[in-house]
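Note that the numbering runs from 1 along the sequence shown for the chain.
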Amino acid sequence: MDKVVATAGEAVADVPEGASLAVGGFGLSGVPNVLIQALYERGTGGLAVVSNNCGAMESGLAVLLAAGRIARVTGSYIGANKEFARQYLAGELEVELIPQGTLAERLRAGGAGIPAFYTPAGVGTQVADGGLPWRYDGSGGVALASPPKEVREFDGTEYVLERGIRTDFALVRAAKGDRHGNLVFAKSSRNFNPLAAMAGKVTIAEVEELVEPGEIDPDAVHLPGIFVQRVIALTPEQAADKKIEQITVSEPEEERA
């Protein structure tokens, strides 16, 4: 089945108001910026986003966040995103912060058809006991707090029950993909992309290089096409547009001397 769609706008055309989205990326690495921009241009709002973080440097999900299009975020990291922090503390945004490894496993479990699992991460904290602020009231009080979760003991160790995550759509970015949706991710951009793709009921992948079926060695496939419903090929300019959050370089040799 040829899953290639002509444009990003066409690929996200059926994402409705209030949809839930799993979005790949970590910081600025492996973020599906072209699909996010297409969603922004379409004007879709009220989105419930599941992603490690919510963009940075006015890039990635920060585009939708700044426009007030995101209603809820499930993630692990606020980072240096001041607008994220402002909306959260002002009561404009509902936020579920969870341990990063738990987020990864919740996405994977959802994609694998596992409804829930037990993990020791968070036992003895508000992650398990409840009370984490999901939404503030805008004046310093908590309008909505996380509920307590089930805790069970296995072989003398306590574990907390976490639910698998399934979303209406998933947006991911890959270095290479074929027309059947088989994807290969480059280095650190592999991060949350395969997991987000597994969690989405409809997964849309933007690929830097589109190849024909059979051109990717089966042993090299990071994500099988069974998890991907739509593929868009990026232009060379879009593929090369990769921002760096923090540039760190060495001093010139003469200055070190």
Side-chain angles (χ1 to χ4, degrees), residues 1 3-5 8 11-12 15 19-36 39 48-55 59-61 73-77 98-117 119 121 162-211 213-234 238-239 242:
M1 180 185 297
K3 300 177 181 179
V4 176
V5 179
V12 301
V15 177
S20 59
L21 299 174
V23 182
F26 187 105
L28 300 182
S29 176
V31 179
N33 287 311
V34 174
L35 290 169
I36 290 171
L39 205 55
V49 171
V50 182
S51 185
N52 174 70
N53 59 290
C54 206
S59 179
L61 287 170
V73 175
T74 300
S76 295
Y77 184 64
I98 57 178
Q100 194 169 85
T102 300
L103 174 63
E105 182 61 10
R106 286 181 68 183
L107 289 166
R108 190 203 68 82
I114 299 169
F117 59 91
T119 174
E162 293 282 2
R163 298 288 301 272
I165 293 175
R166 288 286 279 162
T167 58
D168 300 323
F169 292 84
L171 309 180
V172 299
R173 179 172 181 139
K176 184 184 294 186
D178 65 20
R179 292 181 178 274
H180 290 172
N182 297 301
L183 303 181
V184 177
F185 304 94
K187 300 180 176 63
S188 63
S189 65
R190 192 168 175 179
N191 52 54
F192 277 82
N193 275 300
L195 307 170
M198 291 175 68
K201 296 175 184 176
V202 175
T203 294
I204 310 168
E206 59 181 61
V207 301
E208 297 171 12
E209 180 186 0
L210 178 66
V211 300
E215 290 188 42
I216 301 176
D217 186 324
D219 278 344
V221 172
H222 292 149
L223 184 79
I226 190 68
F227 290 109
V228 179
Q229 283 68 48
R230 299 170 195 165
V231 176
I232 68 157
L234 302 181
Q238 290 171 330
K242 298 178 182 179

Using distance only, find each side-chain donor-acceptor pair of residues 213-221 under 3.5 Å and give its atom names and separation, not counting sequence neighbours.
residue : atom : partner : partner atom : Å
Glu215  : OE2  : Glu212  : N            : 3.2
Asp217  : OD1  : Asp219  : N            : 2.8

- Smallest heavy-atom separation, Val172 atom then Leu35 atom, equals O-CD1, 4.0 Å
- Specify the closest pair of heavy atoms between Pro115 and Gly113, including all atoms of both residues, with the distance to one decimal. CD-O, 3.5 Å
- Identify, with sequence neighbours excluded, every residue that meets side-chain hydrogen bond (donor to acceptor under 3.5 Å, both in side chains) alongside Ser189. none
- Query: Do Gln100 and Phe26 come within less than 4.5 Å of each other through their side chains, counting heavy atoms only?
  - Reply: yes
- Considering non-hydrogen atoms only, spot the tightest contact between Leu223 and Ala197 and give its length. CD2-CB, 3.3 Å
- Does atom NZ of Lys176 have more than 12 heavy-atom neighbours, drawn from other residues, nucleotides or ligands, at distances under 6.0 Å? no
- Message: Give me the atom names and distance for the closest heavy-atom approach of Gly24 to Ser51.
- Response: O-OG, 4.4 Å
- Task: Verify, without hydrogens or angle tests, whether Asn52 (side chain) and Phe192 (backbone) share a donor-acceptor contact under 3.5 angstrom.
- Result: no
- Item | Counterpart residues, side-chain hydrogen bond (donor to acceptor under 3.5 Å, both in side chains), relative to Asn182 (two or more places apart) | Asp178
- Note on the structure: residues 198-211 vs side chain to side chain donor-acceptor pair (under 3.5 Å), sequence neighbours excluded, gives Arg173-Glu206, Arg173-Glu208, Glu208-Lys242
- Message: So, applying side-chain contact (heavy atoms from CB on, under 4.5 Å) with Leu21, which one of Val15, Val50, Val12 is it?
- Response: Val15
- Taking only residues two or more places apart in sequence, or in another chain, which ones meet Ser20 in a side-chain hydrogen bond (donor to acceptor under 3.5 Å, both in side chains)? Asp168
- Search all heavy atoms of Leu171 against all heavy atoms of Pro32 and return the closest pair with its distance. O-CG, 3.5 Å
- Task: Sequence neighbours left out, what passes side-chain hydrogen bond (donor to acceptor under 3.5 Å, both in side chains) with Thr74? Give chain and number order.
- Result: Arg72
- Note on the structure: Heavy-atom closest pair (Leu103 atom, Ser76 atom, distance to 0.1 Å) is CD2-OG, 3.6 Å
- If you draw a 6.0 Å radius around CD1 in Ile114, do more than 12 non-hydrogen atoms from other residues or ligands fall strictly inside? yes
- Query: Between the main-chain N or O of Tyr77 and the side-chain N or O of Asn53, is there a donor-acceptor pair closer than 3.5 Å?
  - Reply: no
- Can you tell me if Arg166 uses its side chain to pair, donor with acceptor, with the backbone of Met198 under 3.5 Å? yes
- Query: What's the spacing between Lys3 NZ and Ile204 CD1 if we round to 0.5 Å?
  - Reply: 12.5 Å
- Message: Apply side chain to side chain contact (heavy atoms under 4.5 Å, CB included) to residues Glu105 and Glu162 and explain how you reach the verdict.
- Response: CA-CA 9 Å; Glu105 182 61 10; Glu162 293 282 2; over 6 Å; no
- Query: So, does Asn191 use its side chain to make a donor-acceptor pair with the main chain of Ser188 at under 3.5 Å?
  - Reply: yes
- Item | Nearest-0.5 Å distance that lies between atom CD in Gln229 and atom CZ in Phe227 | 10.0 Å
